[in-house]
Amino acid sequence: MLNLKVVREHPEVVQAALEKRHTSAPLGELLQLDEERRRLLSEVESLRAQRNQVSQQLGRQKERPPELIAAMREVGERIKELDGRVAALDAGIERLLLYLPNIPEESVPVGADESENVVVRRWGTPRGFHFEPRAHWDLGEALGIVDFPRGAKIAGARSWVLKGDGARLNRALIAFMLDLHTRQHGYAEVATPYLVKPECMVGTGQFPKFVDEAYTVCSDELVLIPTAEVPVTNLYRDEILAPGVLPIYHVCHSACFRREAGAAGRDTRGLIRVHQFDKVELVKLVEPASSDDELERLVDDAEEVLRALELPHQVKLLCTGDLGFASARTYDPEVWMPGQGRYVEISSCSNFLDFQARRASIRYRPAAGARPEFVHTLNGSGLAVGRTLAAVLEYYQQPDGSVVVPPVLRPYLSGQEVIRPPAS
RNA sequence: GGAGGGGUGGCCGAGCGGUUGAUGGCAGUUGUCUUGAAAACAACCAGGUGGUGAGCCUCGGGGGUUCGAAUCCCUCCCCCUCCGCCA
């Protein structure tokens, strides 16, 4: 959520941001409601001041002039009427404000869509193959470690079942990532609910605009999380963090649930775009002055997983047209998937500045006795586990259909070096 | 699911219709004293809006009664205890 004061005083900045994002919002209507609200507010406040003063006076003295009480009754009725109008305006302003996207940072490249994202670096050179590399869905099914037909049978399209070494590899990846981030990068591990209240989704920016992309449990008015970013960031909602507790770094493994509405026809096969997947998420709450640096280190922490797995990858800086609603700056690490012949997004690391903190009301006290200020929040996948599993299968495949286990994962698989097809 | 108890400032805990946004204690900040620390003493010490002003709002949320509500009424939410069920 943007600071209403900024919107009021610099509407041209907000308008420019909307244009750079190739989107629109009823900014004029918002400003009009705000002006009206401020006008009524000053009127109702002076009436209230008058009533408070008279009531206090009546409490102090013995005689209660009936005409004064009658006059105050009328003032009270007028206050009630104005209060109603202010409340209606409040609701309207709040709603419009919740639909305004974040303002991209100055250094974010301006562009219309994903084709104008900028590759900022590449790591590693994809190895050559003496044979035609297979897609992970073919490999996985041939190895007997992934079962898409049965996934579809029990949960519909875009579902999967991992079996045997596939399930073990998934588990190994999760454990490896959690260990790396807790031991090497200083993140504190948390495990949080997968079902959250809708206000958490508002807090991180998914709601109200993107309700169609989430699964909601209507009977209990809860929402299945699309990412652990939601519960982990909201851990601190409505709090004022004491001096010295920032920065907070959390890592959290969770299942993630996405309806993928509007993605019909895209990545229909395999593990790339599914309704449920595991993800290890990195979340940071920091002081505003450090959030730029913190984002760079966050991306590096995510990339470290790919470097450790020796998977070639590149990092893209998203342009304004492809930037997420709540983000001011986003880097997308993309892994090379030889079976696809392309780089595939495997993480997304964003700095939200105080956008989420305002929505979720997460503040900190810079020093004892100082006024509370909004924190800056950041998060990024470190990494999406299903896609990482797919990338490992495709990149480490051998001509006979077996898959070499990346050395760094072997301790998590009882030393196993190769995943082989079932003996036939 | 059934029965009972309870939600007040960072924490504990008063208030139960009238200068109470809120007594007191603890914690915290600053100052005096001290070589330093402790102790003692003094001041400050909830959030929002506003200009670190006045004013206004907030005692779990919402609504009502009243000139006036933390205090009375209605309603919803949450927490705790016991019973039932359950991994």
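In the text below, chain A, chain B and the rest are named by the order of the sequence lines, each starting its count at 1.
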Span that lies between the [atom1] atom of [M] and that of [N], in whole angstrom:
N: B/G7; M: B/G13; atom1: P; result: 9 Å
N: B/C74; M: B/U23; atom1: C1'; result: 31 Å
N: B/G53; M: B/U66; atom1: P; result: 36 Å
N: B/U71; M: B/U19; atom1: P; result: 14 Å
N: B/G84; M: B/A3; atom1: C1'; result: 11 Å
N: B/A42; M: B/U20; atom1: C1'; result: 25 Å
N: B/U81; M: B/C12; atom1: P; result: 16 Å
N: B/G60; M: B/G15; atom1: P; result: 15 Å

Integer-rounded Å distance: [N] [atom2] and [X] [atom1]:
X: A/E77; N: B/C67; atom1: CD; atom2: P; result: 9 Å
X: A/D238; N: B/G47; atom1: CG; atom2: P; result: 15 Å
X: A/M1; N: B/G48; atom1: CE; atom2: P; result: 14 Å
X: A/D83; N: B/G64; atom1: CG; atom2: C1'; result: 14 Å
X: A/L222; N: B/C78; atom1: CG; atom2: P; result: 10 Å
X: A/K5; N: B/G48; atom1: NZ; atom2: P; result: 12 Å
X: A/I69; N: B/U65; atom1: CD1; atom2: P; result: 16 Å
X: A/R38; N: B/G50; atom1: CZ; atom2: P; result: 8 Å

Is there a Watson-Crick or G-U wobble partner for [N] with both distances under 3.5 Å, and which nucleotide is it?
N: B/U81; value: B/A3
N: B/G55; value: B/U49
N: B/A87; value: none
N: B/A42; value: B/U30
N: B/U66; value: none

Under 3.5 Å side-chain donor-acceptor pair for [X] and [Y]:
X: A/R329; Y: A/S107; result: yes
X: A/D278; Y: A/H253; result: yes
X: A/D165; Y: A/Q416; result: yes
X: A/T227; Y: A/K279; result: yes
X: A/Q15; Y: A/E19; result: yes
X: A/Q356; Y: A/T204; result: no

Any [X] side-chain N or O less than 4.0 Å from OP1/OP2 of [N]:
X: A/R73; N: B/U66; value: no
X: A/R365; N: B/G47; value: yes
X: A/N52; N: B/C57; value: yes
X: A/K197; N: B/C77; value: no

Quiz item: Taking atom NZ of A/K209 as the centre, does the number of heavy atoms from other residues, nucleotides or ligands within less than 6.0 Å exceed 12?
Solution: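 Buried by this count: over 12 neighbours within 6.0 Å.
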
Practice problem: For A/R371, report the nucleic acid contact type (base, sugar-phosphate, nothing); a contact means any heavy atom under 4.0 Å. | Solution: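 A/R371: base contact, heavy atoms under 4.0 Å.
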
Practice problem: Mind checking A/R37 for me? I need base, sugar-phosphate or nothing, with any heavy atom below 4.0 Å counting as a touch. | Solution: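 Nothing, no nucleic acid heavy atom in range.
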
Quiz item: Does the B/G18 base have a donor-acceptor partner in the side chain of A/Q56 within less than 3.5 Å?
Solution: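 No.
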
Quiz item: Closer to the 5' end of RNA chain B via nearest nucleotide, is it A/Q50 or A/R8?
Solution: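 Checking each residue's closest nucleotide, the 5'-ward one belongs to A/R8.
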
Quiz item: Given that A/I240 and A/A368 both sit by RNA chain B, which one's nearest nucleotide is further toward the 5' end?
Solution: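 Its nucleotide being nearer the 5' end, the pick is A/A368.
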
To the side chain of [X], which of [options] is closest?
X: A/M72; options: B/G55, B/G48, B/C67; answer: B/C67
X: A/R48; options: B/C57, B/G55, B/G47; answer: B/C57
X: A/R363; options: B/G55, B/G48, B/C67; answer: B/G48

